[in-house]
There are 2 protein chains.
Amino acid sequence: MIIYLKDELIMEKSPSYETILLQMGCKSTKSRKAIIQLLINAEIPLSAKEIFYFIKESGVSINLSTVYRTLEIMESNGLLDKCMSDDRVRYQLILEGSKHHITCTSCHKSIPLSICPLKTIEKDLVNKTHFDIKGHKLEVYGLCPKCRKKEY
Amino acid sequence: MIIYLKDELIMEKSPSYETILLQMGCKSTKSRKAIIQLLINAEIPLSAKEIFYFIKESGVSINLSTVYRTLEIMESNGLLDKCMSDDRVRYQLILEGSKHHITCTSCHKSIPLSICPLKTIEKDLVNKTHFDIKGHKLEVYGLCPKCRKKEY
DNA sequence: CTGTCTGCAAAACGTTTGCATGGCG
DNA sequence: CGCCATGCAAACGTTTTGCAGACAG
């Protein structure tokens, strides 16, 4: 868990299980708790299968269908980002106030960023494209300090 | 086809089939030509199945396996971006010098952008995260002028 | 107690693969 | 002509679905 206080660039902000469940508007069950908790703690985007196995190996019995169904609810509530990562479909919690990440292409660790470079160009973009801009997504890729060392 | 000359923000740059084939380092066939040409002309990210049907309906006989195999080659050569778009896996040509797009969430039309807002913050990012930044991806979402009107 | 959620098994779907044939260079 | 690419069909992995029983509120 990385926390840089007074740093405007890097940020780690963990929502609570309760908050997320509330936003999902559904009942609290042990499966959902395990899935949400895992996504909160995960530093890398996870596939449905990975989520399933992680939880199973932690001793909580769970079914793959339940994982898919829970992810579906979270996604439709705008809480989860479904993306292609490492050539697989993976899911990552959308942290409030932090839509952007810097991700390691080697270990897939993902650190949320608090900056948003789009703010500077958004108005200009609207003027040129006449789009009604609803949102955006920024992903930065590279090697984290640890993996950098491994590659000498 | 949108072209704004002398505009630093929006850009449309079409590579040729020959250039792409050369970068792929493989034989020229009618299937590959059809796939690459379609991706060059497409204004929206396409799924494998869509590519397959578009080409078939244009009168060129083609097989789904061939589509997948060609997309695989293009992707591994860094010519194609495989992403989740409209909740499906879709492919989009990576235009040289233009890695970013503004995409309509309604009709999925995608316009390449020539600006790169990351340049301004990249150095700062390196200092803070100590990542060896290899690349990045920016996607802007919204409603294009046409779809804006449809929604009154 | 009621409606929602889960587990299970089967189905549906998307993607990959092996092999024989076809076609580019 | 030799090798690479294609078509086909089957295999494979992922995701979805229907249903009966379990459980939260």
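A note on names: the letters A, B, ... follow the listed sequences, proteins ahead of strands, and every chain is numbered from 1.
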Just how far, in rounded Å, is [atom2] of [N] from [atom1] of [X]?
{"X": "Lys30(A)", "N": "dT6(C)", "atom1": "NZ", "atom2": "C1'", "answer": "8 Å"}
{"X": "Lys82(B)", "N": "dG14(C)", "atom1": "NZ", "atom2": "P", "answer": "14 Å"}
{"X": "Phe52(A)", "N": "dC8(C)", "atom1": "CZ", "atom2": "P", "answer": "9 Å"}
{"X": "Leu22(A)", "N": "dA24(D)", "atom1": "CG", "atom2": "P", "answer": "18 Å"}
{"X": "Tyr91(B)", "N": "dG14(C)", "atom1": "OH", "atom2": "P", "answer": "12 Å"}
{"X": "Arg90(A)", "N": "dG13(D)", "atom1": "CZ", "atom2": "P", "answer": "17 Å"}
{"X": "Arg88(A)", "N": "dT16(C)", "atom1": "CZ", "atom2": "P", "answer": "11 Å"}
{"X": "Met84(B)", "N": "dT14(D)", "atom1": "CE", "atom2": "P", "answer": "15 Å"}

Practice task
Using a heavy-atom cut-off of under 4.0 Å over every strand shown, decide if Leu64(A) touches base, sugar-phosphate, or nothing.
Solution key: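 The answer is base, as Leu64(A) lies within the cut-off (heavy atoms under 4.0 Å) of a base atom.
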Exercise for the section: Indicate, with a heavy-atom threshold strictly under 4.0 Å, whether Ser28(B) touches base, sugar-phosphate, or nothing. Expected result: sugar-phosphate
Exercise for the section: Report, as yes or no, whether the 6.0 Å neighbourhood of atom NZ on Lys82(A) holds more than 12 heavy atoms from other residues, nucleotides or ligands. Expected result: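 More than 12 within 6.0 Å, yes.
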Exercise for the section: Decide if atom NZ of Lys137(A) counts as having more than 12 heavy atoms of other residues, nucleotides or ligands within a radius under 6.0 Å. Expected result: yes
Which of the following nucleotides, [options], is nearest to the side chain of [X]?
{"X": "Lys27(A)", "options": "dG7(D), dA24(D), dC4(D)", "result": "dA24(D)"}
{"X": "Asn63(B)", "options": "dC8(D), dG13(D), dG7(C)", "result": "dC8(D)"}
{"X": "Thr29(B)", "options": "dG7(D), dA5(D), dG7(C)", "result": "dA5(D)"}

Compare side-chain N and O positions of [X] against OP1 and OP2 of [N] and report whether any pair is under 4.0 Å apart.
{"X": "Tyr68(B)", "N": "dT16(C)", "result": "no"}
{"X": "Arg32(A)", "N": "dC5(C)", "result": "yes"}
{"X": "Lys49(A)", "N": "dG13(D)", "result": "no"}

Problem - 5'-most by nearest nucleotide on DNA chain C - Glu72(B) or Ile73(A) - result: Ile73(A)
Practice task
Go through the N and O atoms of the side chain of Ser65(B) and the base of dA10(D), and report whether any donor-acceptor pair is under 3.5 Å.
Solution key: no
Practice task
Check whether the side chain of Arg69(A) and the base of dG7(C) form a donor-acceptor pair under 3.5 Å.
Solution key: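 Present.
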Exercise for the section: Could you tell me whether a side-chain N or O of Arg32(A) sits under 3.5 Å from a main-chain N or O of Val67(A), the two making a donor and an acceptor? Expected result: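 Not at all, since once roles are kept as given, no pair shorter than 3.5 Å links the two residues.
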Problem - Ionic contact status for Glu50(B) with Arg90(B), cut-off 4.0 Å - result: yes
Handout entry: Heavy-atom check, side chain of Phe54(A) versus side chain of Leu46(A), under 4.5 Å
Key = yes
